[in-house]
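Quick notes on the structure that follows.
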Amino acid sequence: MKAGTLLKKLRVERNISQSALSCGISSRTTLASYETQTNDIPLGNLVLYLDKMNVRLDEFQYFLGLELNEKHKLSTQLFEDFYSNRTISDKRLREILQLYKSTDDIYYLALYMGLKGAIIKTSGKSIVDFLSTHQQYVCALKKHIGKIENWSAFELSLLINCLYIFDDSFILGVSKRLIRDLNGYSQIRLFEKALFTFYINAISHYLSLGKHKLAQNFVEQLGQHAKLSTQLYEKTILLYFQGILKYNGGKRIDGENDVKQAIQVFKTVADDKKAEQMERFFKDVRTTVESDN
């Protein structure tokens, strides 16, 4: 559906005339030209029209059902393949890297590094050698993240989903800004969910590395976040990670009980896949020897 067509649909559903909707914003004929696709809708006008109809911009985007462009289609397909355990060949990955080199579009570099890193980690191999031979690309991603003042969903996903690419000092430095900015936007559910996802990935990342103090740091921040949340899911995940840290800290009975209690919540709501993932992760990290002081 085109933006103008959706704008008209929303207006008609709310029994608002063109004259009433355009009043104080534009002429009626200008609004009509938007609805008939004669002219593109300037963002400023669109926001004002939507406000009159009590529709948010993010809701408009959702209703619009914007079609994915080619690079987003590519990303969606590749990650579907990855999570479905379908093989992604080295040739295909090299083609993605070549797209970055030929277009200078950082999106393709992030896609390549994220996928390649995820494949290596899933195989159980060390990612150290890969990162040492791809430092120029790691630096390019760091530079991009560092220079962008107003992060979009792309920058958020780049950091959140590719933590294993970056060193601890970079993660800790950028996370302070990320947490500060996302807390400021916490009334927007998209950013609230992004912050929660960042905590989960950071905690999982450091537990997998046996860096329990760094994991504890993010668990404490997740605890502050969960205090303000009414979401059972977030409180359950917090209990789960607290249990793992208790277990690895020597309080094995209490820790395992917390982990089991959290997992049982997901079993109760018939989310067996999530429960299995949590059981498997606990098994993987509970015997990890702490490597930081």
**OP:** Find the distance between OG1 (T103) and CD (Q98) and round it off to the nearest 0.5 Å.
**Re:** 9.5 Å
Subject >> Atom pair OH (Y49) and CD (E35), whose distance is rounded to the nearest 0.5 Å >> reply: 8.5 Å
**OP:** Quick one: sort the F166 and F170 rings into parallel, tilted or perpendicular, breaks at 30° and 60°.
**Re:** tilted
Original post:
Are the side chain of R92 and the backbone N or O of I88 linked by a donor-acceptor pair below 3.5 Å?
Top reply: no
Subject >> Pair E234 + K227: basic N to acidic O under 4.0 Å >> reply: no
**OP:** Please report the C-alpha distance between L97 and L93 in whole Å, then the side-chain angles of each, then the deciding distance to 0.1 Å, and finally whether the side-chain contact (heavy atoms from CB on, under 4.5 Å) criterion is met.
**Re:** CA-CA 6 Å; L97 184 58; L93 290 170; over 6 Å; no
**OP:** State, yes or no, whether a side-chain contact exists between I237 and K274 at a heavy-atom distance under 4.5 Å.
**Re:** yes
Original post:
Is there a donor-acceptor contact under 3.5 Å from the side chain of S33 to the main chain of T30?
Top reply: yes
Original post:
Does the side chain of Q264 come within less than 4.5 Å of Q261's, by heavy atoms?
Top reply: no
Subject >> Point-to-point distance, once rounded to the nearest 0.5 Å, from NZ of K142 to CD of Q135 >> reply: 6.5 Å
Original post:
Given the rule in the side-chain contact (heavy atoms from CB on, under 4.5 Å) test, do Y112 and H134 qualify, once you have shown the distances and angles that lead to the verdict?
Top reply: CA-CA 11 Å; Y112 169 78; H134 288 70; 3.2 Å; yes
**OP:** Mark yes or no for whether R56, through its side chain, and D51, through its backbone, hold a donor-acceptor pair below 3.5 Å.
**Re:** no
Original post:
With distance as the sole test, does S126 use its side chain to make a donor-acceptor pair with the main-chain N or O of V128 at under 3.5 Å?
Top reply: yes
Original post:
Do you reckon F60 sits in the same ILVMFWY cluster as L43, going by side-chain contacts under 4.5 Å, direct or chained?
Top reply: yes
Original post:
Would you say K52's side chain and A20's backbone share a donor-acceptor pair under 3.5 angstrom?
Top reply: yes
Original post:
Can V259 and Q242 be said to form a side-chain contact (heavy atoms from CB on, under 4.5 Å), step by step?
Top reply: CA-CA 8 Å; V259 168; Q242 288 173 330; over 6 Å; no
**OP:** Please tell me if the side chains of E59 and L50 come closer than 4.5 Å, counting only heavy atoms from C-beta onward.
**Re:** no
Original post:
Do you know the tightest heavy-atom contact between S123 and I120?
Top reply: OG-O, 2.5 Å
Original post:
Is it the case that R286 and Y247 place a side-chain donor and acceptor less than 3.5 Å from each other?
Top reply: no
Original post:
With a 3.5 Å cut-off and no angle check, do the side chains of T38 and T36 form a donor-acceptor pair?
Top reply: yes
Original post:
Do L46 and V12 sit in the same hydrophobic cluster, where Ile, Leu, Val, Met, Phe, Trp and Tyr count as joined when their side-chain heavy atoms come under 4.5 Å apart?
Top reply: no
Subject >> Contact summary for S27 and S22, nearest pair of heavy atoms >> reply: O-CB, 3.7 Å
Original post:
Is the closest basic N to carboxylate O distance between K9 and E13 below 4.0 Å?
Top reply: yes
Subject >> Smallest separation among heavy atoms of L109 and A140, with atom names >> reply: CD2-CB, 3.8 Å
Original post:
Where do K267 and E279 land on the salt bridge (charged side-chain N to carboxylate O under 4.0 Å, His left out) test, with the steps shown first?
Top reply: CA-CA 11 Å; K267 290 182 177 180; E279 288 173 339; 2.9 Å; yes
**OP:** Compare every heavy atom of L99 with every heavy atom of S102, then report the nearest pair and how far apart it is.
**Re:** OG-O, 3.2 Å
Subject >> Heavy-atom pair of closest approach, residues T5 and Q37 >> reply: N-NE2, 2.9 Å
Original post:
Is a donor on one side and an acceptor on the other found under 3.5 Å between the side chain of S84 and the backbone of D81?
Top reply: no
**OP:** List the steps, then state whether side-chain contact (heavy atoms from CB on, under 4.5 Å) holds for I244 with F281.
**Re:** CA-CA 10 Å; I244 292 176; F281 182 77; 4.0 Å; yes
Original post:
Does the T76 side chain pair with the main chain of H72, one donor and one acceptor, at a distance under 3.5 Å?
Top reply: yes
Original post:
So if you build clusters from Ile, Leu, Val, Met, Phe, Trp, Tyr with side-chain heavy-atom gaps below 4.5 Å, do V269 and Y240 land together?
Top reply: no
Subject >> Greater than 12 external heavy atoms within 6.0 Å of N15's CG >> reply: no
Subject >> Backbone of A226 reached by a side-chain donor or acceptor of K235 within 3.5 Å >> reply: yes
Original post:
Going by atom types alone, do D168 and Y206 pair a side-chain donor with an acceptor below 3.5 Å?
Top reply: yes
Original post:
Is any side-chain heavy atom of L31 closer than 4.5 Å to a side-chain heavy atom of L7?
Top reply: yes
Subject >> Residue pair E256, K260: steps toward the salt bridge (charged side-chain N to carboxylate O under 4.0 Å, His left out) verdict >> reply: CA-CA 6 Å; E256 189 163 8; K260 288 181 177 179; 3.8 Å; yes
Subject >> Shared hydrophobic cluster, L245 / I200 (ILVMFWY, side-chain heavy atoms < 4.5 Å) >> reply: yes
Original post:
Measuring from E155:CD to K147:NZ, what's the distance to the nearest 0.5 Å?
Top reply: 9.5 Å
Subject >> Check ion pair E70-K73 (N to O, under 4.0 angstrom) >> reply: yes
Original post:
Distance from I16 atom CD1 to C23 atom SG, nearest 0.5 Å?
Top reply: 12.0 Å
Subject >> Verdict with reasoning, D40 to Y34, per side-chain hydrogen bond (donor to acceptor under 3.5 Å, both in side chains) >> reply: CA-CA 6 Å; D40 292 332; Y34 298 151; over 6 Å; no
Original post:
Do F154 and Y107 have ring centres separated by under 6.0 Å?
Top reply: yes
Original post:
Is L141 linked to Y137 within one hydrophobic cluster, defined over Ile, Leu, Val, Met, Phe, Trp and Tyr using a side-chain heavy-atom separation of less than 4.5 Å?
Top reply: yes
Subject >> Close aromatic pair by centroid cut-off 6.0 Å: Y233 and F196 >> reply: yes
Subject >> Heavy-atom pair of closest approach, residues Y164 and G114 >> reply: OH-O, 2.8 Å
**OP:** Flag the pair H225 / Y199 as yes when their ring centroid distance falls below 6.0 Å, and as no otherwise.
**Re:** yes
Subject >> Distance (rounded to the nearest 0.5 Å) between L158 CG and I106 CD1 >> reply: 7.5 Å
**OP:** For N257 and I253, indicate whether the former's side chain and the latter's backbone hold a donor-acceptor pair under 3.5 Å.
**Re:** yes
Subject >> E149, CD: over 12 other non-hydrogen atoms inside 6.0 angstrom >> reply: no
